[in-house]
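Structure, as C-alpha cells:
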Amino acid sequence: MRLAMLARNAGLYSHQRLVEAAQARGHTLDVINTLQVHMNITSNQPLLRYGGKTLPLYDAVIPRIGASVTHYGLAVLRQFEMQGVFPLNESVAIGRSRDKLRALQLLARAGIGLPVTAFAHKPKNAESVINEVGGAPVVIKLVEGTQGMGVILAETEASAKSIVEAFSAANINILVQEYIAEAEGSDVRALVVGGRVVAAMRRVGRAGEFRSNLHRGGEAEEAHISDEERDIAVRAASVLGLNVAGVDMLRSNRGPVVIEVNSSPGLRGIERATNADVAGEIIGFIEQSAAHGQTETKGLKG
Ligand code: ADP
Ligand code: MG
C-alpha cells in the first residue's frame, strides 16, 4: 500500500516507528508536513498540493496532528477524506476528542464513568460551579489543554474560586472537575487499535505532582488492566469514533473513570513500558481496513 502520514516532525519516535512498521510490511509511507500542504477546496476534484507537486492518491492516511495545529490539520485530513482515502482516525472523531467538553458529553451519554465535571464560561458566582462538583479540592482544566499543561489542582475553596474567576475574566472556557484523590497521582492508559486494547500502561507522576503525564516527568510501567477497564477503553474509543485511541482512566473508589481520550497517542512511553509493537498493530489495522474500502463515516451525532 501507499500510505501517507500527516506530521510535522518526521524525527519523533512515534513517527519513525510507524514508518519502520509500514516498511517492514512492504508498504511505503510518505511523511507529509501538515502545514506545508495547500489545497484548492472548491475544485470538484479534491487535490492536495505539496512542495510544488500534486500528491498521489494514497490508500490510507495516518493523521498525527499536533494540538497547536488542530484546525488546519483537520482541514488537510478532510481533503484526503474527500478523495476517499481511508483515514486511520477520521477528522470528525479527532475533533470530538480534542474538545474535552464535547468528548465528556458524548462519553456521559454512553453511560461511561467520568469524574463529576461542570463546564463554565462566565459563571455569575464561582461557588456554585465548585459546589456542583462537590466542593474543593477540585481540578480546573482548559477545554483544549494537552500534556498536562492547563490542568490545575485547587486545594481550597478560596483558591478554586479565584482561579475560576481569573479564567472567567480572561474569557477562557474551563472544566471544573471532582478531584480523584485516591488515584494518588497515577492514571492508566489503554491503547485501543481497531476495537481492541493492544497495550496498557500505568503512569505515575513525579513526587509532589498530581499529573501523571510523561511530559510532566511522570513514569510509565506496564499495567494489568481489569476486564472492566478494557471494556470501558474500547467503548470510549468507539463512542468518539476513533480507530486508534489512548484512553486515560483514573482508578477511583467507584471504579474506573475516563478523563481523556487521545486521538494521536504517543508510542514511545507505551512501547517502552510494555514491549508491545503498537506501531505494527496500527499498520496491521490499516491493512485490514483500507483494503476493504471502509471509508464511510460512522455517522455519529455530535
Ligand atoms: P491533558 O490533556 O493535559 O493530559 P488530563 O485531563 O489528561 O489533561 O489531565 C492531566 C493529568 O492530571 C492526568 O493524567 C491525571 O494524572 C491528572 N488528573 C486529571 N484530572 C484529574 C482528576 N479529576 N482527579 C485527579 N487527577 C486528575
Ligand atoms: Mg492527558
Side-chain angles (χ1 to χ4, degrees), residues 66-71 94-189 203-218 236 239-240 246-263 302:
S68 59
V69 296
T70 298
H71 193 77
I94 299 173
R96 287 183 194 112
S97 72
R98 288 282 159 95
D99 176 336
K100 288 196 167 130
L101 170 63
R102 185 174 173 192
L104 292 181
Q105 286 175 310
L106 290 164
L107 296 172
R109 182 176 66 183
I112 289 173
L114 304 168
V116 180
T117 307
F119 173 61
H121 179 62
K122 273 195 179 292
K124 274 232 167 56
N125 67 63
E127 282 104 332
S128 61
V129 183
I130 296 161
N131 291 336
E132 187 75 41
V133 304
V138 293
V139 175
I140 298 169
K141 297 185 186 182
L142 302 185
V143 172
E144 298 208 7
T146 183
Q147 302 184 346
M149 288 175 288
V151 179
I152 305 159
L153 173 60
E155 290 178 88
T156 64
E157 298 288 335
S159 63
K161 187 165 175 276
S162 50
I163 295 166
V164 171
E165 284 167 354
F167 282 123
S168 159
N171 257 319
I172 294 171
N173 289 320
I174 51 166
L175 298 176
V176 180
Q177 196 163 69
E178 164 197 17
Y179 174 52
I180 309 290
E182 61 272 25
E184 295 180 334
S186 77
D187 73 356
V188 172
R189 165 165 292 188
R203 297 178 296 195
V204 186
R206 61 179 160 75
E209 174 60 76
F210 82 104
R211 299 166 299 176
S212 59
N213 302 69
L214 304 184
H215 284 100
R216 302 270 72 74
V239 164
L240 298 181
V247 180
D248 296 346
M249 293 172 273
L250 298 178
R251 288 178 162 160
S252 83
N253 289 337
R254 57 173 191 279
V257 291
V258 172
I259 46 170
E260 189 182 22
V261 182
N262 195 313
S263 60

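When all heavy atoms are compared, the tightest approach of Ala154 to Ile163 is CB-CD1, 3.9 Å. Taking both residues in full, the closest heavy atoms of Arg216 and Met149 are given as NH1-CG, 3.5 Å, listed atom of the first, atom of the second, then distance. The two residues Ala160 and Ile140 come nearest to each other via the heavy atoms O-CD1, 4.0 Å. Across all non-hydrogen atoms, the minimal contact from Val133 to Val116 is CG1-O, 3.7 Å. For the pair Met249 and Pro256, the tightest heavy-atom approach, listed with the atom from each and the gap, is SD-CB, 4.3 Å. Between Ser263 and Ile94, the shortest heavy-atom contact is OG-CG2, 3.5 Å.
Within the 4.5 Å cutoff, the side chain of Glu260 has heavy atoms near those of the Lys100 side chain. Side-chain atoms of Glu127 and Lys161, non-hydrogen and from C-beta on, do get closer than 4.5 Å to each other. Taking 4.5 Å as the limit, some side-chain heavy atom of Phe119 sits within range of a side-chain heavy atom of Leu175. A 4.5 Å side-chain heavy-atom check between Val176 and Val164 finds at least one atom pair inside the cut-off. Looking only at side-chain heavy atoms (C-beta outward), Ile152 and Phe167 come within less than 4.5 Å of each other.
Distance check: Ser97 OG to Leu104 CG gives 11.0 Å after rounding to the nearest 0.5 Å. The line from CZ of Arg96 to CG of Leu240 is 7.0 Å long, rounded to the nearest 0.5 Å. Atom CG of Leu101 sits about 9.5 Å away from atom OG1 of Thr117, to the nearest 0.5 Å. The CD1 atom of Ile130 sits 8.5 Å away from atom OG of Ser159, with the distance rounded to the nearest 0.5 Å.
Within a 6.0 Å sphere centred on CD of Glu165, other residues, nucleotides and ligands contribute more than 12 heavy atoms. Atom CD of Glu132 has 12 or fewer heavy atoms from other residues, nucleotides or ligands within 6.0 Å.
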Going through the distances and angles, do Glu157 and Asn131 end up as a side-chain contact (heavy atoms from CB on, under 4.5 Å)? CA-CA 9 Å; Glu157 298 288 335; Asn131 291 336; 4.3 Å; yes
Start with the C-alpha gap between Lys141 and Ile259, add the side-chain angles, then the distance that decides, and say whether side-chain contact (heavy atoms from CB on, under 4.5 Å) holds. CA-CA 11 Å; Lys141 297 185 186 182; Ile259 46 170; 4.2 Å; yes
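Screening Thr146, Thr70, Asn262 for a side chain to side chain donor-acceptor pair (under 3.5 Å) with Arg98, the sole residue that qualifies is Thr70. Between Val258 and the options Leu114, Val239, Asp248, Leu250, a side-chain contact (heavy atoms from CB on, under 4.5 Å) holds for only Leu114.
With hydrogens and angles disregarded, a donor-acceptor distance shorter than 3.5 Å links the side chain of Asn125 to the backbone of Ser128. A donor-acceptor pair under 3.5 Å is absent between the side-chain atoms of Gln177 and the main chain of Val139, judged by distance alone. Judged by distance alone, with hydrogens and angles left aside, the side-chain atoms of Ser186 form no donor-acceptor pair with the main-chain N or O of Glu184 at under 3.5 Å. Under a 3.5 Å cut-off, the side chain of Arg211 and the backbone N or O of Gly205 do not form any donor-acceptor pair. No side-chain donor-acceptor contact under 3.5 Å links Arg203 to the backbone of Gly218.
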